[in-house]
Every structure is written in structure tokens, then in C-alpha cells.
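Data first, discussion second: the structure below is written as C-alpha cells.
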Amino acid sequence: MSISITFPDGAVKQLEAPVTGVEIADGISSGLRRNAVAIVVNGESWDLTREITSDANIDIITRDTDAGLDVLRHDAAHVMAEAVKELYPETQVTIGPSIENGFYYDFAREEAFTPEDLGKIETRMKEIVKRNETIEREVWDRNEAIEYFKGIGELYKAEIISDLPENETITVYRQGEFLDLCRGPHLPSTGVLRDGFKLTKLAGAYWRGDSNNAQLQRIYGTAWSDKKQLKAYLKRMEEAEKRDHRKLGKALDLFHIQDEAPGSVFWHPKGWAIYQTVQQYMGAKQYERGYQEIKTPQVVDISLWEKSGHASKFGDDMFTLSADDRNYAIKPMNCPCHVQVFNQGLKSYRDLPLRLAEFGSCHRNEMSGALHGIMRVRSFVQDDAHIFCTEEQIQEEVKEFIDFLHEVYTDFGFDQVVYKLSTRPEQRVGSDADWDRAEQALEQALNENNLEWELQPGEGAFYGPKIEFSLKDCIGRLWQCGTVQVDFSMPGRLGAEYIAEDGSKQVPVMLHRAILGSLERFLGILIEQHAGALPAWLAPQQVMVATIVTDANDYAQEVANALRNAGMRADVDLRNEKIGYKVREHSLQKIPAILCIGKREAEEGAVAVRRFGSKQQTVMKLEDFIEQFHVEISEKQVTLNNIES
RNA sequence: GCCUGCAUAGCUCAGUAGGUAGAGCAACUGACUUGUAAUCAGUAGGUCGUUGGUUCGAUUCCGACUGCAGGCUCCA
């Protein structure tokens, strides 16, 4: 019987049924056959070897596409599981998906895998690839599958099958002696995986992501279409790790963290200079946008946290202390304090929206395992603000806020932001009608700003929905920085009210919002984004004046003074060292501009300018440099092309 | 908090199959007055994270603790 196969370009071919993806690919070119890993049949991903028996729209997936890599990575996970079962038969397999850049598989085994085991497993994986075992798809009866996996001691697999919806087709993939429950698609044989993979790390992971469950051993790997791609990836990671804010923080003498204060930062002069520049910038921007800055107490009686609901929900993560028979908590957040400020005096609807901002120092006793450099700490400062408004004002305020956030991120050189909308969780306060309106307001604000966003159902806070704005660190991990959250709960709990137009008392809506999130985290990301070479406006040392001979000392000092009088952060290096030595040192410190001063410059009132990232120097009048550099600073010019990563 | 790993000089790291440790850079001293990514010579610097145990002897082996790293969970 002949069937019509429609290709992505619309071309139609009549083929004898049944026909497989392999045969179709082969019919087009041998190259396509070599690079094919799966086939999309009527929108569904299929194995290349699965028989197509009726008319179909098809699209062949090749190994170098995202979809193709996904298949390869998923297969790599299966090959790893096969290798582990061969080497350590007592191990139970659970799940093994493909992920960004690679794959993992979670195993249950009494004995812990060692880093040396990874090498053994990888070697065995290569053998399995070499064996080129055929991978076959089999459709099983549900109960038969459960019994089979129970029978071979794979209790986790049996549990997965039991939990699958009744109508789901149970497919099992067989490669050599190894069988695994899987939806597919998979490669025709293990040989197609080739050698572009590597096992990277061992980790613990809870069964089904629940910390009450057993902890499994997860092995991570990375997989690519070929060895060359793999090497390129490993090289990229190696380069990226050089920008790690913890390394740069030490190398550039910005901050340190020590045992006695885990999760708290000791800021050094240069790091603090950046910190203050950022904070002052934010303060000025907030003022422009109608925020009023306040400051609230650090240590507050526990009763306020009980009223706000934080003590019962987050009590374990709060630092508490007692004095004079009273119990206090070091504030873990600023919101309840801001409500106290709102509550002073009688508020009118005419006062709304009221925007109260604070660079609020907060302390949270985060779990030790959660700490990470200066990105996740126990002591941090939020660029926090709370907007007290009416429900009708929510959408406009949120829209306005998103615009504000973009302006700030652009100034700092960030153009890639990940947006997530988190909606109502199971446990929540407020009526469904309230939630409907709030979620809609956030969604519309996102859409009106033409943003691509991701929905996180059930991830909202108990008091209201929120939008999260995340930035990426140097190795691609996402860190939430900005946020805007609607709160139906706290104003009421803490007695916030305003007099409405009709004279009645009303409870305002409260929007929690932050753009940087925490100054600490934001600086960490900022350092990584620029690989430590901050744009001139943010650089802790903007200009270094370096002398070539001691005869030029007086003039060099004059130059430095002139720069400082022009509001620039300038230092002078009069040390008795060769200019090459000084240039090297200050270049390693990534100072944006080095001004070299020798006899010639001193005589001519000039400076020899060497910009970071350039090997050339330009001699110009001091006034000209000051004018030019001033423009660069005031315009917050970002020169990402200067990064040597 | 959980799993795995790590902790040696200011920094980056080597080392000891158990006999109290070494390099480069930095620091200090001296010489060199220098033209754009390391001038030369010398000096000094460590209870080998803390704490128990095994041992004649522990930085090395074992345990506990603390911290860090990568994950997991959490993130008001």
C-alpha cells in the first residue's frame, strides 16, 4: 500500500508502507541518514525505526539541533543507566531525563558512588556505544510491566508505572540486556550516541524532589553531537569559571567571607566603592520615580513578627535574641516595619499610591547548604520598597515598575532577563476573586510590556501572586533579583487603613517590590556579567596615574588631583617600578584607564592613556581626557567588548 | 538540613605509601630611574581548619566538629 509522506517544506512523496524514519532519511541523502536521530510524525516525536503505516507529516530531527541533542542526551542517560547496572547490579534505577547541556540519572544504591566510579562508568558507557546495541521500543501491558519491574527489584520503576494515568501507553525500551520504562523517542542503536559525552558530577537528590523521601544518588553528565562540540563546551565552562565572583572578589580585593561569619560579607574598600555607587544610583532613581526613602529598626519585638505571620511560617529561619525579658528578632524583612510607618497618622486615598523605599538590612538564617558566595547570604541589604495603593492602581504600578526595572538593568549592562509569573498556591489567604484580579493585573502588566514570560502555577506566596525577574550567572545558573508581589494579607493583619473617597475606612493593597533584590547578590552577578571589568561608572578605581620616572611625581600628583576634583575615583602609583610592571598590575586589576606619566607628558601637560582591554596608548591633553572620560561615566557607557573572558 | 567531595605560607598550588613541609607570585631589605602586561639579588614567612582516637611518632590513617564547593530541598 502506498502512503503520502509530507515533508516540512510541503513536498509530498508517495512511499510503500510501512516505512521508517531511517528509510526516509536514507532516501534523501546518506548524510541525513548519518545525522538523523529521531523523526517527528504528525507532531509527535518518534523513533527512527518505528514503522509509519499511514499518511503523515514528518520532520527528521538531526543530531546538531536542539531537539536532536535532547534525544542524544536522553539516550546518554539510558546508556549510563545500563553501564551502572552492569557494573553495580544491586543498584536500582529511577529517572534519567535530558537537561540543558546534558543529562542525569538518579540511582538508589546503599553504597555511595565515588568520583573514581564515574570514570569506570564512563568507560563502560563507551563500550556500550561501541557494542552498538539495537534500541527497541516495546509496548507493554501496564500490570505486566509493574510485575516485571517488581520482579527484578526495580521498585521505583514499578512505582512510576503505577502512578501513570490509566490510559497512558506503557512503552519499554530494550538495549542489550537493559530494559527501561520510557516514553522515548530513542536512537536506533547505542552506537549513534558516539563519543561527545562526559560524566561531570555526583550529587544527592531526593526521590520525587521531596526532602521527606529517600535520598538518591544523582550522576550528571554533559552530551553533545560530537567530541568537538563536547570539548568546546568544556572549554566554555572553564573560561566561564574564571569569572566566578568569588574568584574575582579575591583577585580584585573586593570582599571576603570568613568562618566566623558564615553567609556574611566583609566588604573591602574597592568592593564597598562599587556597593555604594550602586546604592546611590538606586536611591537617586527611586527618588525620580516618586519613592520616599525611610529607615526602620534592625531589632524588633517578636510580637510584630507574630502579627505579620512570619514567626509561625519562618520562625526557624529568623535570628532571635532576648534582652530585659523581651524577645526580639533581627528583622528578616522590612515589610512589617514599612506598614508601621504607613500606620503613623491618618492616610487618605489622596496619599495613594504611597511608595516607601528602604535599603533594608535583613538577616535570615538560611540553611548552611543554601549559602553561595555573596549570591545567597544570611546578611544582606534589599533595595526594598512597598507601594500602598488601591486595587485599581495595581496594574499601572506594576507596569511602571517593570519599566523602571528595565531602565536599571540596562544601565548595568544586562539585556537578558527571565520573567516568571507565580500564581496562587494551595495554601493561601484572600478570596479567589482577589486572586483572579491580582493575577490578571500582573499578567496584563507583563503583556503590556511585550515580554515573554513563564507561568509557575502554584508558586506564588501565600499572601499573593508575584512576578520574578532573574539574571544568569557566569555558568548559566539563574538568580532571582527583581520581584514584584501583590499582598492581600499583611496590610489587614497589621491594621493599615486609609480613608476612601466616600469617607469609609479601607485596607490598602500592598505591593512588595525590589529591582536588585539584594545588593550582595546583584553585585555578585554584576561582577560575573562584566568578568570583573566593570564599566567606568561602576569601577571602584576609575583611573590610575602611573609614573615612569620619579621626576614626573609632582605632575602625576597634579593629574590625580585634577581627576579627583572632576569627581573621578583616581589613584596614583609613584612606586619605583618599571612602567611595564605597573601597567601589568593595574591591567590585572581591570582598572578602566591607566594614565602613564613620563618626562614628555610632564613637560607638555599631557597624559598617555591606556584603556583596559586595549594594547594601545593615546597621548592627549589632560583636559581632553577628563572631558571624554566624564562623558563615558555620566552616560554609564557599557563596554562589554572589552571583556577578556 | 541532606548527599558527595575539599580544607597545606597573604595568594595560586605541590608534597609526605605515618618520621613536624616546598615552589611561584606577593611582603620586607638593597641595587636599578625605568616609555606600556613581570629588573636583579637577598631576607623573612606555616602548631598543614579545629578537636578526639589509633600509633613510639599523625599534616598524612579513622571519627567528630566548623567552614567551603557541587547538587538536592528551601528561598517570606
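In what follows, chains carry the letters A, B, and so on, assigned in the order in which the sequence lines appear, proteins first and then strands, with residues in each chain numbered from 1.
Residues passing the ring pair (Phe, Tyr, Trp, His ring centres under 6.0 Å) test with A:F342, sequence neighbours excluded: A:F388. Here A:L588 pairs with A:R584 under the side chain to side chain contact (heavy atoms under 4.5 Å, CB included) rule; sequence neighbours left out. A:D210 is linked by a side chain to side chain contact (heavy atoms under 4.5 Å, CB included) to A:N212, A:N213, counting only residues two or more places apart in sequence or in another chain. Under the ring pair (Phe, Tyr, Trp, His ring centres under 6.0 Å) criterion, A:F462 pairs with no residue, sequence neighbours left out. Looking at residues two or more places apart in sequence or on another chain, you find a side chain to side chain contact (heavy atoms under 4.5 Å, CB included) between A:Q589 and A:L252, A:K270, A:I591. The ring pair (Phe, Tyr, Trp, His ring centres under 6.0 Å) test applied to A:W305 returns no partner, not counting sequence neighbours. Taking A:Q628 as the reference, A:M620 meet the side chain to side chain contact (heavy atoms under 4.5 Å, CB included) condition, with sequence neighbours excluded. With sequence neighbours excluded, the residues that form a ring pair (Phe, Tyr, Trp, His ring centres under 6.0 Å) with A:H338 are A:H386.
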Side-chain donor-acceptor distances from residues 113-120 of chain A under 3.5 Å, at least two apart:
unit_1, atom_1, unit_2, atom_2, d
A:T114, OG1, A:E116, N, 3.4
A:T114, OG1, A:E116, OE1, 3.4
A:T114, OG1, A:D117, N, 3.1
A:T114, OG1, A:D117, OD1, 3.3
A:T114, OG1, A:D117, OD2, 3.3
A:D117, OD1, A:Y88, OH, 3.2
A:D117, OD2, A:T114, N, 2.9

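Both A:K599 and A:R584 lie near RNA chain B, and the one whose nearest nucleotide falls closer to the 5' end is A:K599.
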Produce a footprint string for nucleotides 70-76 of chain B: one letter per nucleotide, 5' end first; B if the base is under 4.0 Å from any protein heavy atom, S if only the sugar-phosphate is, - if neither.
-> BBBBBBB
Whether each nucleotide of nucleotides 39-48 of chain B has a protein heavy atom under 4.0 Å at its base (B), only at its sugar-phosphate (S) or at neither (-) is summarised, 5' to 3', as B---------
Could you provide the dot-bracket string of RNA chain B, using ( ) for intrastrand pairs, [ ] for crossing pairs and | for bases paired to another strand, with Watson-Crick or G-U pairs below 3.5 Å?
-> (((((((..((((.....[..)))).(((((.......))))).....(((((..]....))))))))))))....
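Here A:T550 does not reach the OP1 or OP2 of B:U33: none of its side-chain N or O atoms lies under 4.0 Å away.
Between A:Y328 and A:F319, every side-chain heavy-atom pair lies at or beyond the 4.5 Å cut-off.
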